[in-house]
Amino acid sequence: MSSNPNQPSNTFHSYVFGGEHLDGDRLTLQHKIFQPNFQEVIERVLGPEYGLATRIEQVLNMSKGDKLKPAPIRILDAGCGEGLFLYYLAGLLERRGLLNPAVMQLVGVDSNLTAVATATDFVSTVQPARPYLRFICHDLTKPFELNPELRSILSIRQGQTNSTATKEASEGWLEEGGGFDFIYAHAVAEHIPNAQQHIKYWYNLLKPGGIIFLLDAVLNVDSSGLEVPHPALAPYFSRAFQYTKQINGLNVSEVAKDWLDQLGAEQIQFFPVIIPAGGNSEIGMMMLRNLVMIVRNTLPQLIALKIMTEEEGQALIDLLFKELSPQCIGHFTCLNTLARKPLA
Ligand SMILES: C[S@@+](CC[C@H](N)C(=O)[O-])C[C@H]1O[C@@H](n2cnc3c(N)ncnc32)[C@H](O)[C@@H]1O
């Protein structure tokens with residue numbers, strides 16, 4: 001999906017690595033690159049390890065009886081961009097007979113107004129059969145209870161929604177059955193200042209037994225993170241990653257599991273996904289293209305921040321244009337983190 005070039009720049013205000021620019025086309029490419037990874041993640045989440053499919057089946061069965069009205073299954077894509085993951089998930093759940101719109105809410109939240117509008121348009125035009133998908137423009141660094149749409153979706157206790165709301169207070173605000181069954185945050189936490197605080201907030205928004213998934217890049221320019229497919233990319237990504245890391249002071253991907261552990265989460269799993277960048281494979285070529293798009297898209301921001309000069313940026317683009325070939329090969333590493341909130 002493409003983005004609107006007239007979008008005001010401040011809508012990406014807290015999207016640090018993406019910068020104040022339009023990133024929709026790149027995110028569509030990235031979605032394809034990461035599809036095998038999130039297929040693996042979703043199988044773990046739905047399957048016996050985390051049991052989301054069983055949980056959904058229970059709610060679907062309860063909804064068939066006429067006495068009990070079960071709390072809906074709620075799934076949040078935090079930082080959903082143009083909503084590609086939720087489209088994918090909805091299709092998967094439908095094919096497995098795990099989707100009853102009456103008792104399910106699939107909610108995407110993003111602060112980028114244009115991305116949210118694109119996602120919403122898609123649902124109402126191209127995908128009219130999926131009205132249970134909702135996309136909401138909201139800044140994830142602000143309490144959800146301040147957003148009327150999110151407040152009604154989440155079942156927040158009456159009287160707990162005034163403007164004195166603090167993140168710490170969100171615990172205990174949810175009605176029984178309120179909150180999310182699954183929170184998915186793909187390539188988002190690393191872009192948010194004070195990620196630890198926000199991950200805690202998301203965790204508190206889970207129902208007991210709810211599952212949280214985070215994926216973030218390993219922001220090192222070496223074999224543990226990005227092994228550059230061309231040496232000219234090393235200084236660029238070193239500076240860009242340094243800048244991204246500054247907002248949290250560390251690699252969010254490497255510490256998210258410890259933060260979740262401190263919150264009392266159980267079944268914490270973390271595992272890498274290593275994607276080739278360059279070479280002859282289709283995924284390698286897509287990742288190489290993704291890296292070039294990252295350079296192109298983030299360059300104006302790095303120049304504005306005086307992290308790089310315009311001349312350096314132009315020289316890099318010219319060199320990449322001349323020298324990138326299938327002989328260039330490196331890799332990009334991200335870490336997946338999965339955890340569950342205890343039932344009791
Ligand atoms: C790297 S993109 C990932 C998008 C999508 N999850 C994916 O994997 O394709 C980061 C997304 O987080 C969103 N984002 C960044 N900071 C945000 C914030 N404070 N509140 C809401 N969304 C935010 C950006 O607008 C962007 O869509």
Side-chain angles (χ1 to χ4, degrees), residues 14-18 27 30-31 33-34 37-45 49-50 52 75-81 85 108-111 139-144 167-168 170-171 179-222 224-226 237 240-275 331-342:
S14 58
Y15 177 14
V16 176
F17 191 43
L27 292 181
Q30 188 172 279
H31 177 80
I33 295 170
F34 280 92
N37 183 58
F38 56 66
Q39 269 168 344
E40 184 188 337
V41 168
I42 289 303
E43 292 311 329
R44 290 190 196 212
V45 168
E49 276 178 278
Y50 288 91
L52 184 61
I75 295 175
L76 171 70
D77 183 357
C80 61
F85 170 71
V109 168
D110 203 287
S111 56
D139 181 346
L140 288 166
T141 65
K142 305 278 187 306
F144 280 32
K167 291 180 179 305
E168 304 308 320
S170 71
E171 224 168 348
F180 293 105
D181 295 270
F182 177 37
I183 295 181
Y184 176 93
H186 192 271
V188 174
E190 64 199 359
H191 296 292
I192 296 185
N194 299 319
Q196 183 175 14
Q197 181 192 344
H198 298 296
I199 289 172
K200 176 178 178 188
Y201 181 68
W202 302 342
Y203 181 81
N204 288 342
L205 290 175
L206 288 172
K207 290 181 190 171
I211 304 145
I212 185 164
F213 165 74
L214 307 162
L215 173 135
D216 292 290
V218 177
L219 299 172
N220 301 333
V221 182
D222 60 24
S224 73
L226 171 63
F237 277 99
F241 283 177
Q242 195 50 40
Y243 175 63
T244 308
K245 272 194 280 192
Q246 263 172 25
I247 62 164
N248 280 296
L250 38 74
N251 252 318
V252 170
S253 57
E254 290 173 337
V255 289
K257 61 180 184 322
D258 302 325
W259 292 342
L260 288 164
D261 188 39
Q262 286 160 24
L263 292 171
E266 58 186 25
Q267 284 183 251
I268 301 173
Q269 291 187 5
F270 54 99
F271 50 100
V273 48
I274 302 174
I275 299 187
H331 66 251
F332 190 64
T333 305
C334 293
L335 289 176
N336 294 293
T337 306
L338 268 170
R340 193 176 147 102
K341 191 175 191 172

Measure across [X] and [Y] and return the closest heavy-atom pair with its distance rounded to 0.1 Å.
X      : Y      : result
Ala265 : Ala339 : CB-CB, 3.9 Å
Ser224 : Asp222 : OG-OD1, 2.6 Å
Ser253 : Leu335 : O-CD1, 3.4 Å
Ala217 : Asn251 : O-OD1, 3.6 Å
Ala195 : Val252 : CB-CG2, 4.0 Å
Ile247 : Glu190 : CD1-O, 3.3 Å

Please confirm whether the ring centroid of Phe144 lies under 6.0 Å from the ring centroid of Tyr201.
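Yes - the distance between ring centres of Phe144 and Tyr201 falls below the 6.0 Å cut-off.
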
Roughly how far, to the nearest 0.5 Å, is [atom2] of [Y] from [atom1] of [X]?
X      : Y      : atom1 : atom2 : answer
Leu250 : Leu219 : CG    : CG    : 10.0 Å
Ile192 : Thr141 : CD1   : OG1   : 7.0 Å
Asp261 : Glu266 : CG    : CD    : 11.5 Å
Leu260 : Leu214 : CG    : CG    : 6.0 Å
Gln197 : Trp259 : CD    : CH2   : 10.5 Å
His31  : Ile33  : NE2   : CD1   : 11.0 Å

Kindly indicate, with the supporting measurements, whether the criterion side chain to side chain contact (heavy atoms under 4.5 Å, CB included) is fulfilled by Lys245 and Asn220.
CA-CA 10 Å; Lys245 272 194 280 192; Asn220 301 333; 3.4 Å; yes

I'd like to know if the side chain of [X] reaches the main chain of [Y], judged simply by a donor and an acceptor atom lying under 3.5 Å from each other, with no hydrogens or angles considered.
X      : Y      : result
Gln267 : Glu49  : yes
Asn248 : Pro193 : no
Asp110 : Cys80  : yes

Is [Y] close to [X] at the side-chain level, that is, under 4.5 Å between some pair of heavy atoms?
X      : Y      : answer
Lys341 : Tyr203 : yes
Phe213 : Asn336 : yes
His198 : Leu140 : no
Phe38  : Leu215 : no

A cation-pi test, strictly: NZ or CZ of Arg44 under 6.0 Å from the centre of the six-membered ring of Phe271 and no more than 45 degrees from its axis. Yes or no?
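Arg44 over Phe271 ring: yes.
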
Residues forming a side chain to side chain donor-acceptor pair (under 3.5 Å) with Lys257, sequence neighbours excluded:
none

When you look at Val41 and Tyr50, which way does the side chain to side chain contact (heavy atoms under 4.5 Å, CB included) test go after all the steps?
CA-CA 10 Å; Val41 168; Tyr50 288 91; over 6 Å; no

Would His186 and Phe34 satisfy ring pair (Phe, Tyr, Trp, His ring centres under 6.0 Å), going step by step from the backbone distance to the final call?
CA-CA 10 Å; His186 192 271; Phe34 280 92; 5.1 Å; yes

For Phe332, check ring pair (Phe, Tyr, Trp, His ring centres under 6.0 Å) against everything at least two apart and list the hits.
none

Among Leu338, Ile75, Ile212, which residue meets the side-chain contact (heavy atoms from CB on, under 4.5 Å) test with Val45?
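Of all the options given, the one that passes is Leu338.
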
Hey, could you give me each pair passing salt bridge (Lys or Arg N to Asp or Glu O under 4.0 Å) that has a residue in residues 208-217? Not counting sequence neighbours.
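Passing the test, one end in residues 208-217: no pairs.
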
